Trainee: 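First the structure, then my questions, so here it is.
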Amino acid sequence: MSRKSELEKAIRESEQEIDMLEQKRIRSMSSFIEALVNRETPTDEDVEYFKTFSGLIELERENLRKLNAELDRITK
């Protein structure tokens, strides 16, 4: 398989990973919203899930930027 094809596949997989992580983060955000509506403090576990998913999303976005930059370099 050519490097271009490999990069395109990696980009698709990265985008799918970001979508999946964002869905999980949305679920953890619902706990925050529920706590706010009920005038409660979110649990430490909910806070940790949110931070973890946010960090993973940022890492994957950085990976996606690198993949896109490499693809741009080889297609020009």
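For the numbers below, each heavy atom of this structure counts, side chains included, while hydrogens, waters and symmetry mates do not. Since this is a predicted model, take the numbers as computed values, not measurements.
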Trainee: I'd like to check Lys51 versus Ser54 (side-chain heavy atoms, cut-off strictly below 4.5 Å). Are they in contact?
Mentor: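 The answer is no, as the side chains (C-beta and beyond) never meet within the 4.5 Å cut-off.
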
Trainee: What distance separates Asp72 CG from Leu67 CG, expressed to the nearest 0.5 Å?
Mentor: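 Here the rounded value is 11.0 Å.
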
Trainee: Cluster question for you: counting only ILVMFWY and a side-chain heavy-atom cut-off of under 4.5 Å, with indirect links fine, are Ile26 and Ile18 together?
Mentor: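 Cluster IDs for Ile26 and Ile18 differ.
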
Trainee: Do Phe50 and Val47 sit in the same hydrophobic cluster, where Ile, Leu, Val, Met, Phe, Trp and Tyr count as joined when their side-chain heavy atoms come under 4.5 Å apart?
Mentor: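 Per the 4.5 Å side-chain linkage, Phe50 and Val47 are co-clustered.
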
Trainee: Is the shortest side-chain N to carboxylate O distance from Arg12 to Glu15 below 4.0 Å?
Mentor: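 Answer for the salt bridge query: no.
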
Trainee: Using a 3.5 Å cut-off and no angle test, enumerate the donor-acceptor pairs between side-chain atoms of residues 29-38 and protein atoms at least two apart in sequence or in another chain.
Mentor:
| residue | atom | partner | partner atom | Å |
| --- | --- | --- | --- | --- |
| Ser30 | OG | Arg27 | O | 2.5 |
| Asn38 | ND2 | Glu34 | O | 3.2 |

Trainee: Is the count of non-hydrogen atoms from other residues, nucleotides or ligands lying under 6.0 Å from Phe53 atom CZ greater than 12?
Mentor: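 For Phe53, atom CZ is crowded (more than 12 foreign heavy atoms under 6.0 Å).
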
Trainee: Rounded to the nearest 0.5 Å, what separates atom OH in Tyr49 from atom CG in Asp44?
Mentor: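 Taking OH in Tyr49 and CG in Asp44, the distance rounds to 12.5 Å.
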
Trainee: As an exercise, state the distance from CG of Asn68 to CZ of Arg73, rounded to the nearest 0.5 Å.
Mentor: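 Separation between the atoms: 11.0 Å.
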
Trainee: Show me the side-chain donor-acceptor pairs of residues 57-65 shorter than 3.5 Å, one per line, residues at least two apart or across chains.
Mentor:
| residue | atom | partner | partner atom | Å |
| --- | --- | --- | --- | --- |
| Glu58 | OE2 | Arg65 | NH2 | 3.0 |
| Glu60 | OE2 | Ser14 | OG | 2.6 |
| Glu60 | OE2 | Asn63 | ND2 | 3.1 |
| Arg61 | NH2 | Glu22 | OE2 | 2.4 |
| Glu62 | OE1 | Arg65 | NE | 3.2 |
| Glu62 | OE1 | Arg65 | NH2 | 3.0 |

Trainee: Go through Arg3 and Glu6 one step at a time and tell me if the salt bridge (Lys or Arg N to Asp or Glu O under 4.0 Å) criterion holds.
Mentor: CA-CA 5 Å; Arg3 182 66 181 147; Glu6 289 173 1; 3.4 Å; yes

Trainee: Indicate yes or no: at least one non-hydrogen side-chain atom of Lys66 is less than 4.5 angstrom from one of Glu70.
Mentor: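 Not touching, per the 4.5 Å side-chain cut-off.
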
